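What follows is a short report on a single structure.
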Amino acid sequence: MKPTGDDVAGLIARAKPAIRRRDAETLTALMQEISGRDPQTWGTVIGFGSCHYRYPTGTEGDSALLGFAPRSAATTIYLFDGAEAHAEALSALGPHTTGASCLYIKDLEAIDLDVLRGILERSLAWMEAGGSPEAQITVTG
């Protein structure tokens, strides 16, 4: 995946339903504050910073360090260190579902933003520290 250079505000403005737009604006400000990096589009993902990852299998690619996508069913927040790494915090977050590396939130106002901030800060720190032996990560931006 590569940054596409599309307009972040335009991507947010096109998000539906309206709750996704509201949540996208909040998450953009939160992730920008946490990362110290400006938002950029990676297709339909709003990402902050960039990295190159490489697995022992030889699979490699590029990604944002933090990112989310305002999807119609729920906002998807990407946790590259895996949702399981945040199990304890997620139990205190509020209404959500998870996938292997995704956190799905339908209404940001229904969750504890301080808990979410902690999850995002830990995930970013993991990325900036180079990931794990299974996923070597090099910060590029």
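If you're wondering where the values come from, they're calculated on a predicted model, not measured in any experiment.
There is no path of hydrophobic side-chain contacts, each under 4.5 Å, that joins M31 to I19. A continuous path of hydrophobic side-chain contacts links L113 to Y78 [ILVMFWY only; heavy atoms under 4.5 Å]. L124 and Y53 end up in the same hydrophobic cluster when Ile, Leu, Val, Met, Phe, Trp and Tyr side chains are linked at under 4.5 Å.
Residues P3 and Q40 form a side-chain contact, since some pair of their non-hydrogen atoms from C-beta on lies under 4.5 Å apart. Using a 4.5 Å heavy-atom cutoff, the side chains of C102 and I77 are not in contact. Side-chain contact check for R117 versus L30: some heavy-atom pair is nearer than 4.5 Å. Side-chain contact between E121 and L66 is absent, with no heavy-atom pair separated by less than 4.5 Å. A heavy-atom distance below 4.5 Å is not found between the side chains of R21 and P70. The shortest distance between side-chain heavy atoms of I46 and L11 falls below 4.5 Å. Counting heavy atoms from C-beta outward, L116 and L103 have side chains that approach closer than 4.5 Å. Using a 4.5 Å heavy-atom cutoff, the side chains of R54 and T59 are not in contact.
Within the 3.5 Å criterion, the main-chain N or O of L93 finds no donor-acceptor partner in the side chain of D112. In this structure, the side chain of R37 engages the main chain of S35 through a donor-acceptor pair within 3.5 Å. Listed for the H52 side chain is no donor-acceptor partner under 3.5 Å among the backbone atoms of E60.
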Report task. Give the intermediate values and the outcome of side chain to side chain contact (heavy atoms under 4.5 Å, CB included) for residues E25 and L108. Result -> CA-CA 11 Å; E25 290 170 357; L108 214 53; over 6 Å; no
Query raised in the report: Are H96 and Y104 close enough, and set up right, to give a side chain to side chain contact (heavy atoms under 4.5 Å, CB included), and what steps lead you there?
Result: CA-CA 6 Å; H96 71 279; Y104 304 103; over 6 Å; no
Query - Criterion side chain to side chain donor-acceptor pair (under 3.5 Å) on R71 and T44, from CA distance to verdict - result: CA-CA 9 Å; R71 309 275 186 233; T44 59; 2.7 Å; yes
**Report entry** Test side chain to side chain contact (heavy atoms under 4.5 Å, CB included) applied to T28 and I12, step by step
**Finding:** CA-CA 9 Å; T28 298; I12 293 172; 3.6 Å; yes
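With respect to E88 and R122, no salt bridge is recorded, no charged nitrogen being found less than 4.0 Å from a carboxylate O. Classification of D7 and R14 as a salt-bridged pair fails, no side-chain N sitting under 4.0 Å from a carboxylate O.
Summarising the geometry, atom CD1 belonging to I105 is positioned 7.5 Å from atom OG1 belonging to T75; distances are rounded to the nearest 0.5 Å. Taking CH2 of W126 as the reference point, atom NE2 of H86 lies at 9.0 Å (rounded to 0.5 Å). Between the CD1 atom of I137 and the OG atom of S63 there is a distance of 8.0 Å, given to the nearest 0.5 Å.
A pairwise comparison of heavy atoms in F48 and P39 identifies CE2-CB, 3.4 Å as the closest pair. When all heavy atoms of G82 and S101 are compared, the closest pair comes out as CA-OG, 3.9 Å. In terms of heavy-atom proximity, A64 sits nearest to C51 at O-SG, 4.3 Å. When every heavy atom of A89 is checked against every heavy atom of I119, the shortest pair comes out as CB-CG1, 3.7 Å. The two residues A15 and R20 have their closest heavy-atom pair at CB-CB, 4.1 Å.
Only one option out of L79, D81, L65 pairs with M127 in a side chain to side chain contact (heavy atoms under 4.5 Å, CB included); it is L65.
Among residues two or more places apart in sequence or in another chain, the ring-ring contact (aromatic ring centres under 6.0 Å, His included) test is passed with F80 by none.
Heavy atoms from other residues, nucleotides or ligands lying under 6.0 Å from CD of E84 number 12 at most.
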